[in-house]
Amino acid sequence: GENVEQHPSTLSVQEGDSAVIKCTYSDSASNYFPWYKQELGKRPQLIIDIRSNVGEKKDQRIAVTLNKTAKHFSLHITETQPEDSAVYFCAASKGTGANNLFFGTGTRLTVIP
Amino acid sequence: DVKVTQSSRYLVKRTGEKVFLECVQDMDHENMFWYRQDPGLGLRLIYFSYDVKMKEKGDIPEGYSVSREKKERFSLILESASTNQTSMYLCASSDSSANTQYFGPGTRLTVL
């Protein structure tokens, strides 16, 4: 089955700096890579996703890059703000059947004001 | 707006009790999922269902069962709760034509 590894497990940045979270996956058939944000005490929510036919996708201050050859993808947050503090999960899916998502173990991001 | 609800936010049970966790979604999604979330381990899939009365084991099905009698409802059952099942349980749903999963608010279960 698919194995998704995520690093780092914790990340602290100063407000205004950039944050990068990296994930690797094992199954070359995976073609969908979402990122979820989970604020303290709340449910995970999708913030951005990318499909294997695209190398990069941006949405305001967040971007995701995908390297299919190396089987890794990354989340980039620029101009970080305190409200970006949360746990971020990456995931991978082959997009077949029930579209199961295989999640990484999460990164706790803390933005220091 | 997709709405996924779970029957309880907090639940305390005793070892050996039978526990039911309920999840309801209102978007007519075919797929529903149960995860448990533990610190440092991320979200681990327990069971999923892609249709009424259909179920498939996820990565950690031992000690759990599920029921999906209606499309909108997916129940997780702990036949005999044990202390190592103390965890946060998250339900999710998705449409079969899309990959995005929508999560419920979670149930924090404590087994004493």
Side-chain angles (χ1 to χ4, degrees), chain A residues 1-10 21 23-27 29-54 57 59 64 66 73 86-108, chain B residues 1-6 9-10 23-25 27 29-61 66 68 71 74 88-108:
Chain A
E2 175 65 277
N3 181 46
V4 177
E5 295 190 356
Q6 183 173 347
H7 299 280
S9 57
T10 60
I21 303 170
C23 290
T24 61
Y25 61 100
S26 61
D27 193 337
S30 290
N31 58 15
Y32 174 68
F33 307 93
W35 285 88
Y36 283 80
K37 175 184 179 182
Q38 186 178 28
E39 296 177 33
L40 189 63
K42 297 191 176 180
R43 70 190 77 192
Q45 292 197 303
L46 178 74
I47 55 170
I48 195 168
D49 57 14
I50 191 168
R51 298 188 183 274
S52 58
N53 58 346
V54 176
K57 184 177 179 180
D59 183 4
V64 57
L66 171 65
F73 57 111
V87 178
Y88 292 81
F89 293 98
C90 63
S93 169
K94 286 187 275 192
T96 57
N99 301 325
N100 287 9
L101 291 176
F102 296 87
F103 284 89
T105 50
T107 296
R108 181 174 299 279
Chain B
D1 195 24
V2 177
K3 192 170 182 181
V4 181
T5 58
Q6 294 182 227
R9 291 300 306 272
Y10 300 94
C23 176
V24 178
Q25 49 93 5
M27 284 303 293
H29 284 169
E30 290 82 5
N31 306 321
M32 296 188 75
F33 308 84
W34 274 107
Y35 296 90
R36 64 176 283 175
Q37 181 177 17
D38 300 288
L41 297 178
L43 283 77
R44 293 182 292 166
L45 183 63
I46 305 171
Y47 267 96
F48 65 98
S49 168
Y50 53 88
D51 202 353
V52 176
K53 296 191 185 296
M54 304 302 291
K55 59 184 179 183
E56 294 283 347
K57 293 180 180 179
D59 299 322
I60 51 165
V66 291
R68 192 161 181 207
K71 191 175 185 180
F74 192 34
M88 170 68 81
Y89 290 88
L90 288 163
C91 172
S93 72
S94 71
D95 185 84
S96 59
S97 63
N99 297 102
T100 304
Q101 290 189 16
Y102 297 89
F103 284 85
T107 296
R108 184 165 296 281

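Numbered from 1 within each chain, the chains take letters A, B, ... in sequence-line order. Just so you know, these numbers come straight off a predicted model, no measurement behind them.
Only the side chain of B:Gln37 comes within contact range of chain A, with at least one heavy atom under 4.5 Å from a heavy atom of that chain. For A:Arg108, no part lies under 4.5 angstrom from a heavy atom of chain B. In this structure, chain B has a heavy atom under 4.5 Å from the side chain of A:Gln38, while its backbone stays farther away.
Between chain A and the options B:Asp95, B:Leu41, B:Asp38, B:Asp51, the largest number of non-hydrogen pairs under 4.5 Å is found for B:Leu41.
The two residues A:Arg43 and B:Val4 have their closest heavy-atom pair at NH1-O, 3.2 Å. Heavy atoms only, all atoms of each residue included: B:Leu43 and A:Pro44 are closest at CD2-CG, 4.4 Å.
Expressed to the nearest 0.5 Å, how far CG of B:Leu45 lies from CZ of A:Phe103 amounts to 9.0 Å. Taking OH of A:Tyr36 as the start and CZ of B:Phe103 as the end, the distance is 5.5 Å to the nearest 0.5 Å.
When side chains are defined from C-beta on, B:Phe33 counts as touching A:Asn100, because their heavy atoms get closer than 4.5 Å. Counting heavy atoms from C-beta on, the side chains of A:Pro34 and B:Asn99 never come closer than 4.5 Å. In this structure, A:Tyr32 and B:Thr100 have side chains that are in contact, with non-hydrogen atoms separated by less than 4.5 Å.
Checked against side chain to side chain donor-acceptor pair (under 3.5 Å), B:Arg9 has no partners two or more places apart in sequence or in another chain.
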